[in-house]
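To start, the structure under review is shown below, and the notes come after it.
Each chain gets a letter, A, B and so on, in the order the sequences are listed, and its residues count up from 1. Remember, it's a predicted structure, so these values are computed and weren't measured experimentally.
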Amino acid sequence: MIKKGTRFYTPDTLSELKEIIYKEQEVKLLAGGTSLFRKINGDTLVLPGVIILLENIPELTKENRTERYFEFGSMITIQNIIDNCKRNFAPVLIDALEKNAPFPVRNISTIGAAIANNDIKSDLLPLFYVFNVKVEVINLRDKKIKARWESLTQYLSTQDNRGLHLITRVRIPLINPAYYQYFKTGFKYNLFNEISFAAIADLEKGNISSLSMAFNINNKKIIRTKDIDAELIGKHIPIGLKSREALIQTFNDNLNRIEGLEDYQKFQMIQIILHFLEAF
Amino acid sequence: MKFNIDLNGKEYEVDVPSNLRLSQLLGMVMTRKSVKHNCGTGRCGYCLVLIDNTPIYSCLYPAYRAQGKKIITLEAILQKSEYSNIIKGFELANVDLCPNCAPARILLTYHQLEKNRELTGEMIENIIDTITCDCTDVSSLKEALYLAANFYKGDFD
Ligand SMILES: Cc1cc2nc3c(=O)[nH]c(=O)nc-3n(C[C@H](O)[C@H](O)[C@H](O)COP(=O)(O)OP(=O)(O)OC[C@H]3O[C@@H](n4cnc5c(N)ncnc54)[C@H](O)[C@@H]3O)c2cc1C
Ligand code: FES
Ligand code: FES
C-alpha cells in the first residue's frame with residue numbers, strides 16, 4: 001500500500017502541537033524518524049497520513065544539570081548526549097549509548113524515542129531501568145498541557161493503553177556504581193532477535209550490598225530480574241563453586257516463572273548473569 | 001508536494017511525492033552521483049550526506065524534512081584543496097576506493113577532519129564502521145586515513 005499525500009506539520013511550541021492534534025484525527029509524532037525504515041513497500045516509504053515533526057519545539061531540546069541528575073529534552077540526540085556528557089556520566093552509560101546504532105543514526109535518533117518506541121524496544125531500556133531513569137509525559141488529548149514525571153516502570157507498563165502522548169523530558173540520575181556491565185549479544189549494532197543486558201552493583205566487605213539487573217529480549221520484552229537480584233544481595237564475591245550450582249538452579253526457577261522465554265534464552269541469560277558476577 | 005531545499009549552497013524548488021526519501025531526491029531526482037540509494041535501511045552508508053553539518057544516512061530522512069536545512073554532498077567539496085589532500089592520502093596508501101563507498105567515505109573523512117585535524121580512534125571508527133566496504137580491507141583504509149590526515153594538516157606536500 002502506498003499512501004500518497006502525507007501532510008507534515010512542524011509546530012514551534014507545545015500549544016501549537018496541541019492545536020494540530022485537536023484538528024487532526026490520526027497523527028504520527030516523529031523525532032529522529034529512524035524507525036520509519038521499518039515500513040517499506042519495496043523501496044517506497046509507507047508514511048502515515050499526518051506527520052508531526054517535533055524538532056522545532058524548544059522545550060524538547062533543553063538540557064538541565066543538577067548535582068544529582070541530568071535532564072534531557074526528549075529531542076536531544078543520542079550522539080549529542082555522548083559528546084556532551086562523556087565526563088559526567090558513568091562509563092557504562094556512554095558505552096551503551098555508543099553501541100546504540102551507527103554514528104549517523106545516533107546523530108538523529110533521540111533519547112525520548114529510545115524510550116517511547118514501542119515497535120522496537122530499545123537496547124538502552126535495560127540500562128535506563130537499572131539507572132532508575134524517569135520520564136516526563138504529557139497526555140496530548142487532554143485539554144490542558146499537564147506534564148507528569150513517571151518512573152520507567154510506570155511509563156512502560158501503561159504505554160500500550162495511554163493513547164497519544166508526548167515524552168517531554170528524560171531524567172538520568174548521576175550515579176557511579178562500583179561494578180557495572182552493559183552487554184549486547186550479536187553484531188555490534190544489533191537490532192533484532194538479540195539480548196541486551198545491564199547491571200549495576202556495589203560491594204561491602206566482599207558481599208553484594210546492592211544489585212539491579214535488567215534484560216531486553218529480542219527488542220520485544222524487557223525483563224527485570226528483581227527476584228534474582230534479591231537472591232544475590234548479601235552473597236559473597238567471588239561466588240564459590242559449590243554455591244554456584246545452587247544459584248543456577250535458583251536462577252532457572254525464577255526464569256521459569258516468566259512467560260514466553262525459550263530455553264536457549266534462559267540459558268543465555270544465566271550465562272550473562274554469571275559472567276557479570278565473575279567480572280567483579 | 002512543493003518545497004525548497006538548500007543543496008551545496010544553492011536553493012532549489014522541488015516538487016516530489018511526500019513519501020520520497022532524501023537519498024532518492026538527491027540521487028535520482030536531482031542526479032547527484034555521489035548519493036546512492038542502496039539498502040534503504042541505514043545499513044550500507046552509501047547515502048551519507050551532511051545536514052546542517054551533521055552526517056546522516058539520507059535514506060532514513062524524508063526529503064521534505066530537509067526543507068530549511070543546509071545539505072552538503074561530496075559535489076560541494078570536489079574543487080577544494082581539502083578534497084585533493086584526502087585523495088592524495090588514499091593514493092599514497094594505494095587505496096583505490098570503488099564508486100560504492102568512495103563518495104560517502106570521502107565526505108565523512110572531510111567532515112571529521114574539519115572538526116578535528118588530529119585523527120582519533122573514535123574518528124577512524126566512525127569513518128570505517130558506518131560505511132560498508134566490500135573491496136578494501138580495514139588496515140588499508142586506516143593507513144589511507146592516517147595519510148590523508150597528514151596531507152590535510154600540511155605535514156606532507
Ligand atoms: C541502522 C540502524 C541501526 C539501529 N541499531 C539499533 C540498535 O543497535 N539498538 C537499538 O536499540 N536501536 C537501534 N536502532 C533503532 C533506533 O535507535 C530507534 O529507531 C531509535 O531509538 C528511534 O529514535 P528516533 O528519534 O529516530 O525515533 P522516531 O523514529 O522518530 O520515533 C520512534 C517512535 O517513537 C515515537 N516517539 C518519538 N519521540 C517521542 C516522544 N518524545 N514522545 C512520545 N513518542 C515519541 C514515534 O511516534 C515513533 O512511534 C537502529 C536503527 C537503525 C536505522
Ligand atoms: S542506502 Fe542509506 S544506508 Fe544504505
Ligand atoms: S572500495 Fe568498494 S565498497 Fe569500498
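Summarising the geometry, atom CG belonging to A:L45 is positioned 7.0 Å from atom CD belonging to B:Q24; distances are rounded to the nearest 0.5 Å.
Within a 6.0 Å radius of CD in B:E11, other residues, nucleotides and ligands contribute more than 12 heavy atoms. Few gaps surround NZ on B:K153; more than 12 heavy atoms of other groups in view lie less than 6.0 Å from it. Enclosure of atom NZ in B:K88 by more than 12 non-hydrogen atoms of other residues, nucleotides or ligands within 6.0 angstrom is indicated. Around the CG atom of A:N88, the shell of radius 6.0 Å holds more than 12 heavy atoms that belong to other residues, nucleotides or ligands. Residue B:E13 places its CD atom among more than 12 non-hydrogen atoms of other residues, nucleotides or ligands, all under 6.0 Å distant.
Of the two parts of B:Y57, the backbone and the side chain both hold a non-hydrogen atom closer than 4.5 Å to a non-hydrogen atom of chain A. For B:P17, no part lies under 4.5 angstrom from a heavy atom of chain A. If you measure heavy-atom distances from A:R7 to chain B, you find no contacts under 4.5 Å at all. Only the side chain of B:L108 comes within contact range of chain A, with heavy atoms under 4.5 Å apart. Residue contact with chain A, scored on non-hydrogen atoms closer than 4.5 Å, is absent for B:I51.
Remark: side-chain polar atoms of A:N107 are not paired, donor with acceptor, to backbone N or O of B:I56 under 3.5 angstrom.
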Between A:I108 and B:Y61, does a side chain to side chain contact (heavy atoms under 4.5 Å, CB included) hold up when you go through it step by step? CA-CA 9 Å; A:I108 49 174; B:Y61 215 79; 4.2 Å; yes
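Shortest non-hydrogen contact noted between A:T6 and B:S18 is N-OG, 2.8 Å. Counting all heavy atoms, side chain and backbone alike, B:G42 lies closest to A:P102 at O-CG, 4.4 Å.
The aromatic rings of B:H111 and A:F103 are tilted relative to each other, their planes meeting at an angle between 30° and 60°.
When side chains are defined from C-beta on, B:K69 counts as touching A:E55, because their heavy atoms get closer than 4.5 Å. Counting only heavy atoms from C-beta outward, the side chains of A:V105 and B:L60 approach each other to under 4.5 Å.
Partners of A:Q159 by side-chain hydrogen bond (donor to acceptor under 3.5 Å, both in side chains), not counting sequence neighbours, listed by chain and number: A:Y155.
Ranked by heavy-atom pairs shorter than 4.5 Å toward chain A, the options B:E122, B:R65, B:H37 are led by B:R65.
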